[in-house]
Engineer: 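One structure coming up, written as structure tokens, with questions to follow.
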Amino acid sequence: MSEKIVYQDPQCPIEERIQDLLSRMTLEEKVGQMCQMNGREEPEKWLREQHVGSFLHMLGEETNELQKLAEQSQLGIPIIFGIDAIHGHAFWPTATVFPTQLALSCSWNPELIEGIGRITAKEAALTGVHWTFSPVLGIARDLRWGRIGETFGEDPYLIGVLGSAIVRGYQGEDLSAPYTILACAKHYAGYSETQGGRDSSEADLSERKMRSLFLRPFHEVVKAGCATLMAGYQAIDGVPCSANRWLLWDVLREEWGFEGFVVSDWKNVEHMCEDQKTCPTLEDATLRTIEAGNDMSMNTPGFTETAIKLVESGQLDVTYIEEAVRNVLRLKFELGLFDENRYADSEKGKEIIGCAEHRQVALESAYQSIVLLKNQDDLLPLSAGDGSLKRIAVIGPNADDVKAQLGDWVSWSGQLGEVEFERDPASIISVLTGIRNRVGDAGRVDYCRGCDVVDPSTEQIGEAAELARESDVAIVVVGDNLLLTGECHDRASLDLTGGQQQLLEAVHATGTPMVVVLINSKPLSIPWVTEHASAIVEAWNPGMEGGTAVAGILFGDRNPSGKLTISFPYHVGQQPVYYNQVPGWHTDCYVDMPKEPLFSFGYGLSYTSFAYSNLRLSVEELAEGETLWVEVDAENTGKRKGTEVVQLYVNDVYSSVTTPVKELKGFRRVELKPGEKKTVPLEVPYECLALVNRELETVVEPGEFEVMVGGSSRDQDLLKDKFKVIV
Ligand code: BGC
């Protein structure tokens with residue numbers, strides 16, 4: 001009878017399977033598991049020659065073929081394939097594309113976002129992918145940074161809630177269940193805190209600031225079971241993240257009990273020699289990252305050879321390697337890759353990927369992401385069909401640009417290089433198509449592009465203005481596009497680019513009511529638009545059903561309910577303008593412009609109105625371990641059904657260290673019929689009142705706290721009351 005091979009036996013406990021497999025592996029095979037290479041460059045060679053255990057940016061049949069080669073190798077260790085499926089599995093040409101993370105965050109709807117994670121996991125798994133490099137948990141503060149649209153906005157609490165929701169969606173309850181994939185929270189940590197908005201510049205962060213803000217969302221997703229983390233490109237206080245033992249070991253594993261694995265960002269190990277200049281040789285960089293607890297290196301070609309040499313020469317203790325390999329193998333076992341989940345099921349994929357049910361969720365998420373910023377004299381919703389709107393002008397460079405609409409990390413956005421699988425543009429409903437579909441025979445819709453987002457030429461502006469003049473309303477769709485957003489696309493200015501400002505001014509000068517729809521990755525400085533447009537609809541990058549959603553909002557099929565999760569500046573010079581600032585004194589303002597944002601965190605209009613009253617707190621004094629219960633009455637005082645996002649902020653009135661003027665601690669989406677009033681309960685657990693003190697301890701300090709509840713972070717939208725924390 002042949003000996004039972006423990007690691008191949010699904011009935012054996014995972015730790016025993018790992019131990020058995022490790023005992024059979026050569027040093028080369030072990031180091032291979034710590035390496036991830038670019039699947040677009042000779043993956044068979046990397047697998048055969050260096051036993052590479054993971055590839056990124058491969059899809060579908062390519063994964064099956066490589067997986068087969070891996071299965072035929074000595075030990076048959078499966079490959080783990082990763083990709084950036086960050087707003088849907090958008091590199092796959094027929095997959096469902098959702099609004100970007102920033103857009104989705106404006107829904108303030110964790111259940112919706114969890115559902116999107118679930119669909120993305122299903123669609124990705126069906127194409128052989130087991131791991132998405134998502135969510136991005138950066139706190140978005142400097143809008144010049146190109147990657148703002150990849151974040152959940154500027155608030156650490158909200159990012160933690162929404163990040164945990166999408167992680168639950170990707171990973172499900174049990175990683176071995178079919179169609180679950182690993183999440184990867186990135187970029188650990190503080191990557192968004194750039195210098196001048198320039199990507200991957202050193203983050204100037206103290207440990208206190210890290211613990212007070214930037215680590216918080218990561219801790220939340222680790223508590224929610226997030227399986228992997230990606231170490232950021234940048235250094236913090238001089239130490240590159242992939243070589244930062246404090247970050248990767250002391251905090252992550254010792255304090256938080258993380259049991260998954262950490263992957264570096266692209267070429268991080270190499271960057272330490274070539275760009276950050278913290279290591280003179282690749283040996284030095286490899287040694288430092290492995291000893292710091294970086295389990296997998298992404299796309300550093302010399303990594304495997306170097307790591308082997310380090311062990312053989314006695315410079316690196318092999319137990320570091322074994323620890324990392326255990327972490328990687330554990331998740332391969334947990335995902336069932338050694339068992340039934342190894343291969344992509346392409347046939348099934350054809351039925352499920354991009355199916356009508358998934359598109360419906362894309363539409364719903366676009367509806368919930370849209371934020372109405374202005375609606376003078378209730379111009380919106382427009383009416384099509386009652387004869388008052390005979391001619392509708394649709395103008396602007398982003399009205400019919402599906403690439404600008406989807407935003408970054410889709411099949412044509414460049415990260416996979418020249419790919420053979422481009423998405424069919426007809427699968428995306430542009431704003432123009434959405435409006436045409438919606439209006440049908442009830443009116444005439446004419447279109448003029450008017451100008452370009454980048455090219456400043458103004459030749460077509462006259463024609464666009466002429467069209468606006470002849471029309472009953474002008475819907476002008478402006479914003480940014482792939483040349484102005486994403487990694488390596490930071491901006492120094494946040495103004496509208498190309499001919500867009502002139503186009504808007506020309507349309508406005510016609511006197512025809514002007515609705516501005518923004519299709520953009522991030523807030524722009526638009527004070528002129530705010531003053532002169534009759535209405536502004538912020539649609540962000542709203543995904544493949546975005547045009548239907550924009551039209552549905554414009555014509556009142558849906559009442560907008562999105563609220564900003566990031567503040568809009570008047571001018572780039574105000575950066576940063578986030579709401580949760582610590583109080584200053586003398587120079588708490590500018591001499592030449594307001595210090596407040598143009599539109600604040602939490603702000604967003606509806607076609608109805610809401611009123612708040614009767615704020616009640618469960619106690620006047622709160623003792624350790626207790627929960628404060630807060631209630632408020634929210635009433636729909638308008639004529640349409642609507643959804644309001646009720647927000648709760650807290651301020652620690654006097655504290656041993658400075659604390660923000662207000663911090664979000666809870667929220668709830670409430671649906672209200674016209675005239676309906678509901679009591680909205682909100683909860684403030686004791687621990688969420690904590691600050692990080694000078695000794696770097698997380699403590700709740702006794703004394704007075706202010707509770708603020710309302711429809712935005714602006715003082716005028718908040719009811720306030722106080723309570724005391726007692727010892
Ligand atoms: C980005 C990561 C991404 C990786 C793989 C890097 O350049 O910073 O966010 O996951 O590439 O595509």
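Hydrogens, waters and symmetry mates play no part in the numbers below; they use all other heavy atoms, side chains included. By convention here, the first residue in the shown sequence is residue 1. Whatever order the structure lists them in is the order used to number ligands and atoms, beginning at 1.
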Engineer: Is it the side chain (CB and beyond), the backbone, both or neither of Arg147 that lies under 4.0 Å from ligand 1, heavy atoms counted?
Structural biologist: side chain
Engineer: Which ligand 1 atoms, with their elements, are less than 4.0 angstrom from a heavy-atom of Phe133?
Structural biologist: 10 (O)
Engineer: Just say parallel, tilted or perpendicular for the rings of Phe601 and Trp108, cut-offs at 30° and 60°.
Structural biologist: tilted
Engineer: Judged by modelled atom types alone, do Gln67 and Asn64 share a side-chain donor-acceptor pair under 3.5 Å?
Structural biologist: no
Engineer: Roughly how far apart are Met298 CE and Phe133 CZ, rounded to 0.5 Å?
Structural biologist: 4.0 Å
Engineer: Out of all atoms in ligand 1, which are within 4.0 Å of some heavy atom of His57? Include the element for each.
Structural biologist: 5 (C), 12 (O)
Engineer: Can a non-hydrogen atom of Trp409 be found less than 4.0 Å from any atom of ligand 1?
Structural biologist: yes
Engineer: Return yes if a side-chain donor-acceptor contact under 3.5 Å exists between Trp131 and Thr228, otherwise no.
Structural biologist: yes
Engineer: From Asp408 CG over to Thr100 OG1, what is the distance, rounded to the nearest 0.5 angstrom?
Structural biologist: 9.5 Å
Engineer: Determine, for Glu62 against Arg40, whether the closest basic-nitrogen to carboxylate-oxygen distance falls under 4.0 angstrom.
Structural biologist: yes
Engineer: Under a 4.0 Å heavy-atom limit, does Val136 contact ligand 1 with its side chain, its backbone, both, or neither?
Structural biologist: neither
Engineer: Quick test: of every protein heavy atom, which one is nearest to atom 3 (C) of ligand 1, and how far off is it to 0.1 Å?
Structural biologist: Asp84 OD2, 3.1 Å
Engineer: Report yes or no: does a heavy atom of Met230 sit under 4.0 Å from some atom of ligand 1?
Structural biologist: yes
Engineer: For ligand 1 and Asp265, I'd like to know whether there is a polar contact (N/O to N/O, distance under 3.5 Å).
Structural biologist: yes
Engineer: Would you check whether Glu487 has a nitrogen or oxygen atom less than 3.5 angstrom from a nitrogen or oxygen atom of ligand 1?
Structural biologist: yes
Engineer: Ser521 and Asp480: side-chain donor and acceptor closer than 3.5 Å?
Structural biologist: yes
Engineer: Relative to the heavy atoms of Lys186, which atoms of ligand 1 are at a distance of less than 4.0 Å?
Structural biologist: 2 (C), 3 (C), 9 (O), 10 (O)
